[in-house]
**Q** 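Dumping the structure here so I can ask a few things about it.
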Amino acid sequence: MTTPMVQAKGVTKNYGKLEVLKGIDLTVERGQVCCLLGPSGSGKSTFLRCINHLEGIDGGTLTVDGDLVGYRRHGQKLHELREPEIAQRRRDIGMVFQRFNLFPHMTALQNVIEAPVNVAGIPRVQATQEAHRLLEQVGLADRADHYPAQLSGGQQQRVAIARALAMKPKLMLFDEPTSALDPELVGDVLDVMRNLAAEGMTMVVVTHEIGFAREVADTAVFMDEGVVVEAGDPRHVLVEPEQDRTRAFLSAVL
């Protein structure tokens with residue numbers, strides 16, 4: 001049996017007395033697309049950030065490709081890794097945020113080559129060639145020399161995807177990548193994500209795009225109040241849900 005790409009067992013997360021994640025169990029196999037859906041405040045984005053240890057967990061275990069995320073085990077206890085070790089493991093996980101977080105003083109091309117050159121130590125000529133290929137892949141070959149301020153929101157998000165792919169991740173995380181975009185710009189970003197899914201990229205996507213989840217996801221997960229209410233085949237979870245809470249959410253957003 002192959003090791004799952006993501007495996008969460010009993011994951012909890014607290015902010016003071018507020019329990020945000022209340023024992024999340026979730027498995028994402030290699031090459032699968034998992035879409036996390038649910039109302040605001042349900043814990044979706046927090047769980048996503050835990051996957052690459054932007055947030056620490058307070059209980060349970062969370063592994064990526066079989067390795068604990070942000071921790072090492074000593075006996076029965078988990079000890080948090082030092083930041084350089086965390087950063088080293090995080091290199092295999094690409095993340096695309098709701099806000100694009102591009103460097104405003106760098107062109108699209110410079111944004112894409114920044115991490116490969118300065119973090120991974122890839123020669124600049126090689127990184128530049130790969131960056132041009134990635135910008136072409138996301139439909140922005142003619143925008144390589146444009147600065148973020150010269151790009152639309154959708155174009156900036158596609159540069160952000162290219163930037164994440166430049167580190168050749170084994171896993172891509174998307175935190176509501178279209179929610180900050182004007183409606184007419186959403187389609188281009190989703191098309192890029194569809195292509196990644198078709199190429200076999202393992203993806204965990206927090207999204208409100210029900211149609212995208214129904215079309216592309218292998219697993220749809222509905223979360224509410226820090227728990228997984230329902231998970232499974234999108235054709236069941238999003239079309240014929242078993243849980244009343246899932247039905248109520250879908251009736252409100254569709």
**Q** Has D233 got a side-chain atom pairing as donor or acceptor with R235's backbone, closer than 3.5 angstrom?
**A** yes
**Q** Got a donor-acceptor contact below 3.5 angstrom from the R143 side chain to the Q155 backbone?
**A**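 Checking the backbone N and O of Q155 against the side chain of R143, no donor-acceptor pair under 3.5 Å is found.
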**Q** Would you confirm whether Q88, through its side chain, and E85, through its main-chain N or O, come within 3.5 Å as a donor-acceptor pair?
**A**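 No; judged by distance alone, with no hydrogens or angles, the pair does not exist.
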**Q** Would T178 and L190 satisfy side chain to side chain contact (heavy atoms under 4.5 Å, CB included), going step by step from the backbone distance to the final call?
**A** CA-CA 8 Å; T178 60; L190 293 181; 3.8 Å; yes
**Q** Distance-only, no hydrogens or angles: does the S42 side chain make a donor-acceptor pair with backbone N or O of D224 under 3.5 Å?
**A** no
**Q** NZ/K44 to CG/L36 distance, rounded to the nearest 0.5 angstrom?
**A** 8.0 Å
**Q** Side chain to side chain contact (heavy atoms under 4.5 Å, CB included), that's the test. Do L26 and C34 meet it? Break it down for me.
**A** CA-CA 10 Å; L26 183 65; C34 174; 4.2 Å; yes
**Q** For the residue pair E225 and E19, establish whether any side-chain heavy-atom pair is separated by less than 4.5 Å.
**A** no
**Q** Using every non-hydrogen atom in the two residues, find where L135 and A162 come nearest and quote the distance to one decimal.
**A** CD2-CB, 4.3 Å
**Q** Would you kindly say whether Q98 and S179 are connected by a side-chain donor-acceptor distance under 3.5 Å?
**A** yes
**Q** Would E130 and K168 satisfy salt bridge (charged side-chain N to carboxylate O under 4.0 Å, His left out), going step by step from the backbone distance to the final call?
**A** CA-CA 10 Å; E130 177 66 6; K168 301 189 182 303; 3.3 Å; yes
**Q** Looking at CG of L68 and CD of Q7, how far apart are the two atoms once the value is rounded to the nearest 0.5 Å?
**A** 11.0 Å
**Q** Does atom CZ of R247 have more than 12 heavy-atom neighbours from other groups under 6.0 Å away?
**A**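 Count over threshold, so yes.
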**Q** Mind checking whether Y147 and H105 have ring centres under 6.0 Å apart?
**A** no
**Q** If we only count heavy atoms from C-beta on, is the I51 to V6 side-chain gap below 4.5 Å?
**A** yes
**Q** I want to check something: taking the side chain as every heavy atom from C-beta on, are V28 and T219 in contact at a cut-off of under 4.5 Å?
**A**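 Counting from C-beta outward, V28 and T219 never come under 4.5 Å.
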**Q** Any donor-acceptor pair under 3.5 Å linking the side chain of K13 with the backbone of C50?
**A** no
**Q** Would you give the length of the straight line joining atom CD of Q126 to atom CD1 of I113, rounded to the nearest 0.5 angstrom?
**A** 12.0 Å
**Q** Can you check whether L173 reaches F97 side chain to side chain, under 4.5 Å on heavy atoms?
**A**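 No, side chains not in contact.
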**Q** Search all heavy atoms of G94 against all heavy atoms of P169 and return the closest pair with its distance.
**A** N-CB, 3.4 Å
**Q** How would you list all residue pairs meeting side chain to side chain donor-acceptor pair (under 3.5 Å) that involve residues 56-66, not counting sequence neighbours?
**A**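 Residue pairs passing side chain to side chain donor-acceptor pair (under 3.5 Å), neighbours aside: R30-D65, D65-K170.
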**Q** According to a hydrophobic-cluster definition based on side-chain heavy atoms being under 4.5 Å apart (Ile, Leu, Val, Met, Phe, Trp, Tyr only), do V221 and L238 belong together?
**A**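 Unlinked, V221 and L238 end up in two clusters.
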**Q** Give me the atom names and distance for the closest heavy-atom approach of G154 to L181.
**A**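 Here G154 and L181 meet closest at N-CD2, 3.6 Å.
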**Q** Just wondering, are more than 12 heavy atoms of other shown residues or ligands nearer than 6.0 Å to CZ in R133?
**A**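 Correct, the count exceeds 12.
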**Q** Is any side-chain heavy atom of V228 closer than 4.5 Å to a side-chain heavy atom of D25?
**A**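 Not in contact.
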**Q** Show your reasoning for whether side chain to side chain contact (heavy atoms under 4.5 Å, CB included) applies to I210 and L250.
**A** CA-CA 9 Å; I210 305 296; L250 292 172; 4.2 Å; yes
**Q** Tell me every residue that passes ring pair (Phe, Tyr, Trp, His ring centres under 6.0 Å) with F249, counting only those two or more places apart in sequence or in another chain.
**A** F222
**Q** Could you please spell out the steps behind the side chain to side chain contact (heavy atoms under 4.5 Å, CB included) verdict for I161 and L196?
**A** CA-CA 10 Å; I161 294 173; L196 287 177; 4.1 Å; yes
**Q** Shortest non-hydrogen contact from F47 to L21?
**A**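 Shortest heavy-atom separation between F47 and L21 comes out as CA-CD1, 3.8 Å.
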**Q** Near R194 CZ, under 6.0 Å, is it more than 12 heavy atoms from other residues, nucleotides or ligands?
**A** yes
**Q** Answer with yes or no whether the hydrophobic clustering places V205 together with L165; edges join I, L, V, M, F, W, Y residues whose side-chain heavy atoms lie under 4.5 Å apart.
**A**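 Both belong to a single hydrophobic cluster.
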**Q** Evaluate the side-chain proximity of V216 to M193: yes if any heavy-atom separation is below 4.5 Å, no if none is.
**A**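 They are not in side-chain contact.
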**Q** Using the side-chain contact (heavy atoms from CB on, under 4.5 Å) definition, which of the options V189, V192, D188 pairs with Q157?
**A**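 Running side-chain contact (heavy atoms from CB on, under 4.5 Å) over V189, V192, D188 with Q157 returns exactly one hit, V189.
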**Q** Out of curiosity, does Y71 fall in the hydrophobic cluster containing V64 (side-chain heavy atoms, cut-off under 4.5 Å, transitive links)?
**A** yes
**Q** Determine yes or no for a side-chain-to-main-chain donor-acceptor pair under 3.5 angstrom, with R158 supplying the side chain and V138 the backbone.
**A** yes
**Q** Can you get from I86 to L78 by hopping between Ile, Leu, Val, Met, Phe, Trp and Tyr side chains that sit under 4.5 Å apart?
**A** no
**Q** Check whether any side-chain heavy atom of H146 sits under 4.5 Å from a side-chain heavy atom of T107, and report yes or no.
**A** no
**Q** Hydrophobic clustering (ILVMFWY, side-chain heavy atoms < 4.5 Å, transitive) - are I93 and I57 grouped together?
**A** yes
**Q** With a 4.5 Å limit on heavy-atom distance, are the side chains of P39 and R245 in contact?
**A**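 Sidechains of R245 and P39: in contact.
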**Q** Quiz question: by atom type and distance under 3.5 Å, do the side chains of E242 and H236 form a donor-acceptor pair?
**A** no
**Q** Distance check, rounded to the nearest 0.5 Å: E230 atom CD versus Q243 atom CD?
**A**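 The distance works out to 5.0 Å.
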**Q** For T202 and G31, indicate whether the former's side chain and the latter's backbone hold a donor-acceptor pair under 3.5 Å.
**A**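 Yes, T202 side chain to G31 backbone: donor-acceptor pair under 3.5 Å.
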**Q** How close do P234 and A217 get, counting heavy atoms only, and between which atoms?
**A**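 Nearest heavy atoms, P234 then A217: CG-O, 3.2 Å.
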**Q** Could you grab the distance from atom CG of L54 to atom CZ of R90, nearest 0.5 Å is fine?
**A** 5.0 Å
**Q** Are more than 12 heavy atoms from other residues, nucleotides or ligands located less than 6.0 Å from atom CD of E136?
**A**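 Counting neighbours around CD of E136, 12 or fewer heavy atoms of other residues, nucleotides or ligands fall under 6.0 Å, so no.
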**Q** Please find the pair of heavy atoms, one from E176 and one from S45, that lie closest to each other, and give the distance.
**A** OE2-OG, 4.2 Å
**Q** Between atom CG of L102 and atom CZ of R163, what is the distance when rounded to the nearest 0.5 Å?
**A** 5.0 Å
